[in-house]
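I have a structure here, written as structure tokens, and I will follow up with some questions on it.
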There are 2 protein chains.
Amino acid sequence: MKMKPDISTLSLAIMGLISQRPQTGYDIRKAFAEKPLGHFSSSPGAIYPALQRMTKDGWICGKVDDEKVLRPRKVYEMTESGRDLLERHLRQSVDRDDVIWRMDDLMLRFSLMDEIVGRAATLRFLRSFATELEAYVAHLRCFLGEAKPSMPVCGRLAMENGIGAYEMNAAWARRALEELETDA
Amino acid sequence: MKMKPDISTLSLAIMGLISQRPQTGYDIRKAFAEKPLGHFSSSPGAIYPALQRMTKDGWICGKVDDEKVLRPRKVYEMTESGRDLLERHLRQSVDRDDVIWRMDDLMLRFSLMDEIVGRAATLRFLRSFATELEAYVAHLRCFLGEAKPSMPVCGRLAMENGIGAYEMNAAWARRALEELETDA
DNA sequence: CGATACATGTAACCGGTTACATGATTTT
DNA sequence: AAAATCATGTAACCGGTTACATGTATCG
């Protein structure tokens, strides 16, 4: 019912940051704590184990930037195989399960993809994103139409809120598409 | 940075269902698998342990509806202290941390509260929900205004998407408020 | 009689949370 | 010298995921 995410949202966010420029665990924690968008845990108990896992898996590697101190300051950067994995992940197309179960991942992918896999991939992404959303909205509207009479007021309102969220995303995708198609 | 949720979203959803009418674990699984809105795991490995925990904590209790069979069919219903806890949870007011970190919980609460704690509480909820959202949107817009020049196009678009989602929710809350104020 | 839906559970695993522990560097 | 900030980590806990195991009732 869920499946797929070879890369967790946290790992993706971390790779997004260190792709821009190599960073320490602490830099990453600060970035997550200060950024208002995309909520990631900035707790050391999340970040450091994640960095260890990703290192073990060969996606990133940490270079001790200073010599023989007891507490080494490690600056992490992407490895080749990490970049590879990241690019493959960013290039994946959008399906219905993604829009239902992995919206956070989708938006995070969008915010990274233009700079890492280029404009063409970004446009492809937005088109499939909008298409899947519009199809799913149609499906939900149909469901709502049938269920409405038997639903309590607030159940119906909650569902309209859910559908509204998907519609907002679809409209945003169309606007973004227009803007990105007509610029440099 | 996160704190608070005395009740997990899954527990809340389960209590919402069995408040309407006593149900078995299997009924709950089916409800989660079929309902298009609010994504809950319908896997037995999530549901049954959750039911056990909630029973242990005294929020619900399961009555074996049939006598000496090897596989008893347990119908769960709310206990008094469970109803108490649920009502207290539903009556909580909305703060900024809720709209940032617990939007799912908020919408689930909304969909249940009218029938469990009444219209007045629902209206109070919607008012504080709208107010917090509008304040947070203002804050984000301000942040975006400052950061915009130094942001990559897609970073800006992603942030606009995030803000748009909050705005959509605020607008929805105002509409819902109007509808609920003027009806029965 | 076999398939399918009904129905309940367990166990290994994984990753995030909270809380704690420690040390280095900079500021007051 | 004390306090704050920079910086890295560990350990216990909790709950969800996946996969497995089992048994019952109904229907063709």
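Residue numbering restarts at 1 for every chain, and letters A, B, ... go by the order of the sequence lines.
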*State which of D/dT17, C/dG16, D/dA7 makes the closest approach to the side chain of B/S41.*
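Closest of the options to the side chain of B/S41: D/dT17.
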*Of all of residues 46-54 of chain B, which get a heavy atom below 4.0 angstrom from DNA chain C, listed by number?*
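Result for residues 46-54 of chain B: B/Y48, B/Q52, sorted by number.
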*Specify the separation, in whole Å, of atom CZ of A/F32 and atom P of D/dA7.*
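Taking atom P of D/dA7 as the reference, CZ of A/F32 is at 16 Å.
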*Rounded to whole angstrom units, what separation is found between the NZ atom of A/K74 and the P atom of C/dG23?*
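Atom NZ in A/K74 sits about 17 Å away from atom P in C/dG23.
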*Specify the residues of residues 14-31 of chain B, ordered by number, for which at least one heavy atom lies under 4.0 angstrom from an atom of DNA chain C.*
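When residues 14-31 of chain B is checked for heavy atoms under 4.0 Å from DNA chain C, the hits, listed by number, are B/T24, B/G25, B/Y26, B/R29.
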*Name all residues meeting the side chain to side chain contact (heavy atoms under 4.5 Å, CB included) criterion together with B/T131; count only those two or more places apart in sequence or in a different chain, and write none if there are none.*
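Checked B/T131 against side chain to side chain contact (heavy atoms under 4.5 Å, CB included); matches are B/R174.
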*Identify, with sequence neighbours excluded, every residue that meets salt bridge (charged side-chain N to carboxylate O under 4.0 Å, His left out) alongside A/E178.*
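Listed in chain order: nothing, the list is empty.
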_Contacts of type side chain to side chain donor-acceptor pair (under 3.5 Å), residue A/D104, not counting sequence neighbours_ =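 Result, side chain to side chain donor-acceptor pair (under 3.5 Å) vs A/D104: none returned.
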Measure all distances between protein nitrogen or oxygen atoms and nitrogen or oxygen atoms of nucleotides 19-22 of chain D, and list the pairs falling under 3.5 Å.
from	atom 1	to	atom 2	distance (Å)
D/dT22	O2	B/R71	NH1	3.1

*Round to a whole Å and report the spacing from CG of A/L10 to P of C/dC14.*
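About 16 Å, once rounded to whole Å.
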*Can you name the residues that form a salt bridge (charged side-chain N to carboxylate O under 4.0 Å, His left out) with B/R127, not counting sequence neighbours?*
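B/R127 satisfies salt bridge (charged side-chain N to carboxylate O under 4.0 Å, His left out) with B/E181 only.
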*With sequence neighbours excluded, what pairs up with B/E34 under the salt bridge (charged side-chain N to carboxylate O under 4.0 Å, His left out) test?*
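None.
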_Partner residues of A/E115 under the salt bridge (charged side-chain N to carboxylate O under 4.0 Å, His left out) criterion, sequence neighbours left out_ =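 So A/E115 forms no salt bridge (charged side-chain N to carboxylate O under 4.0 Å, His left out) with any residue.
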_Rounded interatomic separation in angstrom, taking CG from B/D6 and C1' from C/dT18_ =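 Checked: the CG to C1' distance equals 16 Å.
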_Using whole Å, what does the distance between atom C1' of nucleotide C/dG15 and atom CG of A/L12 come to?_
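It works out to 16 Å between those atoms.
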*Of all residues at least two apart in sequence or in a different chain, which pass the side chain to side chain contact (heavy atoms under 4.5 Å, CB included) check with B/E77?*
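With sequence neighbours excluded, B/E77 shows a side chain to side chain contact (heavy atoms under 4.5 Å, CB included) to B/P22, B/C61, B/K63, given in chain and number order.
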*Please report, rounded to the nearest Å, how far the C1' atom of D/dC6 is from the CZ atom of A/R73.*
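For the pair A/R73 CZ and D/dC6 C1', the rounded distance is 9 Å.
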*Mind checking side chain to side chain contact (heavy atoms under 4.5 Å, CB included) for B/A147 and listing every partner two or more places apart, or none if nothing turns up?*
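B/A147 satisfies side chain to side chain contact (heavy atoms under 4.5 Å, CB included) with B/F143, B/M151 only.
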*asked:* In this structure, how many angstroms lie between the P atom of C/dT17 and the CZ atom of B/R102, rounded?
replied: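 B/R102 atom CZ is separated from C/dT17 atom P by 12 Å.
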*Could you note down all residue pairs passing ring pair (Phe, Tyr, Trp, His ring centres under 6.0 Å) where residues 102-123 of chain A supplies at least one of them, sequence neighbours left out?*
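Qualifying pairs, neighbours excluded: A/F110-A/W172.
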*asked:* Rounded to whole Å, how long is the line connecting atom CG of B/D97 with atom P of C/dT17?
replied: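 It works out to 14 Å between those atoms.
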